[in-house]
Protein chains: 2
Amino acid sequence: MARYQAGIKTRERILDAVRTLLGEVGLDSVTVKGICDQAEIKSGSFYNLFDSKEQAVLTVVREAITGIDPDPLHEGKDTIGELVSAYIAFVEDTPEIAKTYVQIVAASSVNDETIRHRVLAHHRARVDRFAEALARAQNSVSGTEIHARAEMLVAALNGLAFMWLLEDDFDFGGHATRLLGDIVPA
Amino acid sequence: MARYQAGIKTRERILDAVRTLLGEVGLDSVTVKGICDQAEIKSGSFYNLFDSKEQAVLTVVREAITGIDPDPLHEGKDTIGELVSAYIAFVEDTPEIAKTYVQIVAASSVNDETIRHRVLAHHRARVDRFAEALARAQNSVSGTEIHARAEMLVAALNGLAFMWLLEDDFDFGGHATRLLGDIVPA
DNA sequence: TCTGATTTTGAGTATACATGCAAAATTGGC
DNA sequence: GCCAATTTTGCATGTATACTCAAAATCAGA
């Protein structure tokens with residue numbers, strides 16, 4: 001345990017503030033002043049704990065990219081239903097982070113090669129996991145066919161997340177579950 | 001015909017510059033200086049033709065929102081294949097505007113109520129058109145079922161557009177066509 | 001070529017932002 | 001309660017940005 005606790009707590013307050021603001025005002029509208037107001041600190045404290053605004057935002061952004069695929073070590077064990085449930089849980093339980101994820105893909109990916117590659121790598125790994133789970137569920141279909149279906153399923157889930165961004169009361173979980181039923185008949 | 005042409009041409013150069021920059025650097029990174037450099041004019045000229053940066057950007061944004069559904073008066077006549085083809089053409093023929101559309105949905109929708117409602121209204125109208133076309137193709141299925149399928153189809157198309165943002169060589173047209181084949185067997 | 005209308009220029013202003021820093025306040029072991 | 005380490009404060013600084021404006025340049029009809 002560190003000798004002084006205050007700084008650690010302030011760091012958490014800052015990250016909480018960034019999470020909130022990313023969901024509220026969007027990736028490019030987050031300011032240091034906004035973060036400090038939300039965290040109820042002064043800017044000097046912010047720079048005592050982070051080298052730059054970028055660093056604090058990137059910390060949360062990494063969280064968002066990783067959050068969509070929380071446990072990549074389970075490979076070969078998940079069912080397709082569990083994978084879809086994990087996506088639904090991600091969107092419904094941590095909506096600010098999910099919103100951030102969508103914004104990262106749409107906005108940052110355009111002008112930030114580093115983030116784009118990171119997102120792309122995670123996306124491909126996710127499609128592979130979906131494909132493997134699909135293969136286990138329907139082992140009669142060919143590999144390329146399975147992979148195309150997985151890509152489509154993930155695309156549709158992302159599209160539904162997209163819609164959920166637009167409509168506050170959009171039933172993301174319901175639509176995602178329905179979609180799963182269409183792809184993998186019970 | 002107006003007496004002086006120079007101003008009109010400059011206006012077009014500015015809008016072209018905004019279109020280019022929206023695709024290249026993203027919605028929130030477009031600056032007046034950037035627009036002026038790209039259009040090879042000075043900032044004074046910009047403000048001679050537009051009241052604000054916002055106005056110029058919004059002009060192109062409206063174009064993007066409308067562009068995804070170019071001919072809403074054809075209702076009752078389009079086939080589902082034509083609607084999907086129109087989406088593919090939108091993405092492949094005007095990629096900068098398509099990119100802008102995705103960014104608007106993801107970023108602006110978070111903090112701009114006006115744009116969000118505009119996008120949402122267009123989206124709903126589009127889903128309705130897809131549903132009507134689907135109903136004509138498969139009139140055995142119930143109305144709510146058809147509507148759910150239309151929503152899913154549009155979501156999947158948006159999701160694919162999403163992916164195409166990440167990967168330069170993503171075969172959007174191929175995947176979209178495949179998706180259509182899955183939903184409406186030939 | 002002259003003239004008034006239109007367009008362009010480019011320096012200038014105000015503001016918001018990220019970041020720096022020295023001093024004050026707080027913390028916690030002794 | 002003392003003191004050194006840590007943390008917070010809040011003002012200062014430099015920079016980028018949106019936007020203004022008066023003067024210069026250009027245009028097109030007579």
Side-chain angles (χ1 to χ4, degrees), chain A residues 1-22 24-61 100 103-104 107-108 110-112 114-115, chain B residues 1-22 24-61 100 103-104 107-108 110-112 114-115:
Chain A
M1 185 152 57
R3 196 161 160 209
Y4 290 81
Q5 296 282 312
I8 299 168
K9 284 181 182 166
T10 304
R11 197 189 135 90
E12 268 317 305
R13 291 167 66 81
I14 289 171
L15 290 176
D16 271 341
V18 173
R19 271 185 280 266
T20 303
L21 289 173
L22 281 175
E24 273 180 11
V25 304
L27 192 61
D28 287 303
S29 299
V30 172
T31 65
V32 173
K33 180 172 173 10
I35 296 169
C36 293
D37 288 353
Q38 177 78 25
E40 290 176 320
I41 56 165
K42 304 298 165 187
S43 64
S45 283
F46 178 88
Y47 284 98
N48 184 38
L49 290 156
F50 293 91
D51 290 340
S52 64
K53 184 187 87 167
E54 190 88 353
Q55 189 184 92
V57 171
L58 266 183
T59 303
V60 176
V61 162
T100 304
Q103 285 174 59
I104 292 160
S108 308
V110 176
N111 50 10
D112 191 322
T114 312
I115 291 187
Chain B
M1 184 152 60
R3 195 158 159 211
Y4 290 82
Q5 296 282 312
I8 299 168
K9 284 181 181 166
T10 304
R11 198 188 135 90
E12 268 317 305
R13 291 167 66 79
I14 289 171
L15 290 177
D16 271 340
V18 173
R19 271 186 280 265
T20 303
L21 289 173
L22 282 176
E24 272 179 12
V25 304
L27 193 60
D28 287 302
S29 300
V30 172
T31 64
V32 174
K33 178 169 175 9
I35 296 169
C36 293
D37 287 353
Q38 177 78 24
E40 291 177 317
I41 56 166
K42 305 297 164 186
S43 65
S45 283
F46 178 88
Y47 284 99
N48 184 38
L49 290 155
F50 293 92
D51 290 341
S52 65
K53 183 186 87 166
E54 190 88 353
Q55 190 184 89
V57 171
L58 266 183
T59 303
V60 176
V61 163
T100 304
Q103 285 174 59
I104 293 161
S108 309
V110 176
N111 51 10
D112 190 323
T114 312
I115 291 185

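Computed from a prediction, not measured in an experiment: that's the story for all the values here. Order of the sequence lines sets the chain letters (A, B, ...), proteins ahead of strands, with each chain counted from 1.
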Rounded distance in Å - [atom1] ([X]) to [atom2] ([N]):
X       : N      : atom1 : atom2 : value
B:Gln55 : D:dA18 : CD    : P     : 15 Å
B:Lys33 : D:dT17 : NZ    : C1'   : 11 Å
B:Asp51 : D:dC21 : CG    : C1'   : 15 Å
B:Ile8  : C:dA5  : CD1   : C1'   : 14 Å
A:Asn48 : C:dT19 : CG    : P     : 15 Å
A:Arg11 : D:dT8  : CZ    : P     : 13 Å
B:Lys42 : D:dT26 : NZ    : P     : 14 Å
B:Leu49 : C:dT6  : CG    : C1'   : 11 Å

Considering only NZ, NE, NH1 and NH2 on the basic side and carboxylate oxygens on the acidic side, decide whether A:Asp16 and A:Arg13 come within less than 4.0 Å. no
Do [X] and [Y] have side chains that approach each other closer than 4.5 Å (heavy atoms only, starting at C-beta)?
X       : Y       : value
B:Leu27 : B:Val61 : yes
A:Leu15 : A:Arg11 : yes
A:Gln38 : A:Ile35 : no

Within a reach of under 6.0 Å around CD of A:Glu40, are more than 12 heavy atoms found that belong to other residues, nucleotides or ligands?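 No, because the 6.0 Å sphere around CD of A:Glu40 holds 12 heavy atoms or fewer from other groups.
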If you look at every strand shown and take non-hydrogen atoms under 4.0 Å, does B:Thr31 touch a base, only sugar-phosphate, or nothing? sugar-phosphate
Given C:dA18, D:dT7, D:dA18, the nucleotide with the shortest approach to the side chain of A:Thr10: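 For A:Thr10, the side-chain atoms sit closest to D:dT7.
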Among the candidates C:dT8, D:dG10, C:dA18, find the nucleotide nearest to the side-chain atoms of A:Ser43. D:dG10
Does the side chain of [X] get closer than 4.0 angstrom to OP1 or OP2 of [N] through an N or O atom?
X       : N      : result
B:Lys53 : D:dA18 : yes
A:Ser45 : D:dT9  : yes
B:Tyr47 : D:dC19 : yes

